[in-house]
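The structure appears right after this line, and notes come after that.
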Amino acid sequence: IEPRAALTRAALRLITTFCGSCHNRESSIASLGLDLRQTFSAFECSAAIATTINKRGHWVVPEAQEASRIVNPGHPESSALVRRIKSRRPISQLPPIGTVVVDRQAVDLLTSWVQDSAAGIAARCGH
C-alpha cells in the first residue's frame with residue numbers, strides 16, 4: 001500500500017488483526033465469503049477490499065436495510081463492519097467473543113476510513 005495511504009494502511013492492519021484470523025479462505029466460516037487476512041505484500045486492491053467494499057453481507061444494518069453493505073464507502077452509518085464493532089450486543093458484536101468494552105480507537109479509525117478513504121479505494125479497485 002502506498003505510503004500516502006496511511007489511513008488505509010492502518011484500517012487494513014486493524015481489520016486483519018481483529019477479523020482476519022476468523023474471516024479468511026481457510027477458516028470454518030469461509031463460506032461467508034470474507035477474506036480479511038491482509039498480507040504485508042498485498043496492495044490496496046486486496047481480497048480484504050474486494051470482499052467488503054460495496055458488498056452485501058449476511059448481517060444487515062437494521063435501520064439501513066437497502067443501503068447496508070459490509071463497507072459502504074462514505075457511509076459508516078450503513079456499513080455493517082463499523083456498526084458491528086460498535087456493538088456489544090451478543091447477536092451483532094464483533095469480535096464476537098473476548099470483548100466486553102467497545103474499542104473506541106478502532107471504531108474511530110474504521111469510521112474515518114469508511115467516511116474518507118474507502119470511496120477512493122473503491123474507484124481505484126473497481127468496486
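Contact record, Ala11 with Leu110: CB-CD2, 4.0 Å, taken as the closest heavy-atom pair. Of all the heavy atoms in Thr16 and Arg37, the pair that sits closest is OG1-C, 4.1 Å. Nearest approach of Ala122 to Pro73, heavy atoms of both residues: CB-CG, 4.2 Å.
Judged by distance alone, with hydrogens and angles left aside, the side-chain atoms of Ser87 form a donor-acceptor pair with the main-chain N or O of Arg89 at under 3.5 Å. The closest donor-acceptor contact from the side chain of Thr111 to the backbone of Pro76 lies at 3.5 Å or more, if one exists at all.
Surrounding CZ of Arg88 are more than 12 heavy atoms belonging to other residues, nucleotides or ligands, all under 6.0 Å away. Atom CZ of Arg56 has more than 12 neighbouring heavy atoms from other residues, nucleotides or ligands inside a 6.0 Å radius. Other residues, nucleotides and ligands place no more than 12 heavy atoms under 6.0 Å from the CD atom of Glu66.
Annotation: the span from Asn24 atom CG to Ile29 atom CD1 amounts to 8.0 Å, rounded to 0.5 Å. In this structure, NZ on Lys55 lies 9.0 Å from OG1 on Thr52, to the nearest 0.5 angstrom. Rounding to the nearest 0.5 angstrom, the gap separating the NZ atom in Lys86 from the CD atom in Gln93 is 15.0 Å. Summarising the geometry, atom CG belonging to Leu34 is positioned 10.0 Å from atom CD1 belonging to Ile15; distances are rounded to the nearest 0.5 Å. Note that CG of Asn72 and CD of Gln115 are 10.0 Å apart. Values are rounded to the nearest 0.5 Å. In this structure, the separation between CD on Glu26 and OG on Ser21 is 12.5 Å, given to the nearest 0.5 Å.
Side chains of Trp113 and Thr8: a donor on one and an acceptor on the other come within 3.5 Å.
No single ILVMFWY cluster, assembled from side-chain heavy atoms under 4.5 Å apart, contains both Ile70 and Val60. Hydrophobic clustering (ILVMFWY, side-chain heavy atoms < 4.5 Å, transitive): Phe18 and Leu7 are in one cluster. Under the 4.5 Å side-chain contact rule for hydrophobic residues, Val114 and Val61 do not share a cluster. Hydrophobic clustering places Leu109 together with Leu36 (ILVMFWY residues linked when any side-chain heavy atoms are closer than 4.5 Å, directly or through intermediates).
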Might you work through the side chain to side chain contact (heavy atoms under 4.5 Å, CB included) test for Asp108 and Gln105, ending with a clear yes or no? CA-CA 5 Å; Asp108 293 346; Gln105 289 180 319; 5.8 Å; no

Working note: Val102 + Ile85, criterion side chain to side chain contact (heavy atoms under 4.5 Å, CB included); need CA distance, chi angles, decisive distance, verdict. CA-CA 7 Å; Val102 172; Ile85 66 160; over 6 Å; no

Let's go through Val71 and Asn54 carefully: what are the C-alpha distance in whole Å and the side-chain angles of both, what is the deciding distance for side chain to side chain contact (heavy atoms under 4.5 Å, CB included) to 0.1 Å, and is it a yes or a no? CA-CA 6 Å; Val71 172; Asn54 288 318; over 6 Å; no

Before giving the answer on salt bridge (charged side-chain N to carboxylate O under 4.0 Å, His left out), spell out for Arg83 and Glu77 the whole-Å C-alpha distance, their side-chain angles and the decisive distance to 0.1 Å. CA-CA 7 Å; Arg83 293 295 299 272; Glu77 70 284 351; over 6 Å; no

What do the steps show when you test Ser78 against Ser68 for side-chain hydrogen bond (donor to acceptor under 3.5 Å, both in side chains), and what is the final call? CA-CA 5 Å; Ser78 60; Ser68 182; over 6 Å; no

Could you walk me through whether Leu12 and Ile49 pass the side chain to side chain contact (heavy atoms under 4.5 Å, CB included) check? CA-CA 9 Å; Leu12 290 176; Ile49 296 300; 3.8 Å; yes

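Looking at heavy atoms from C-beta onward, His23 lies in side-chain contact with Leu32 at the 4.5 angstrom threshold.
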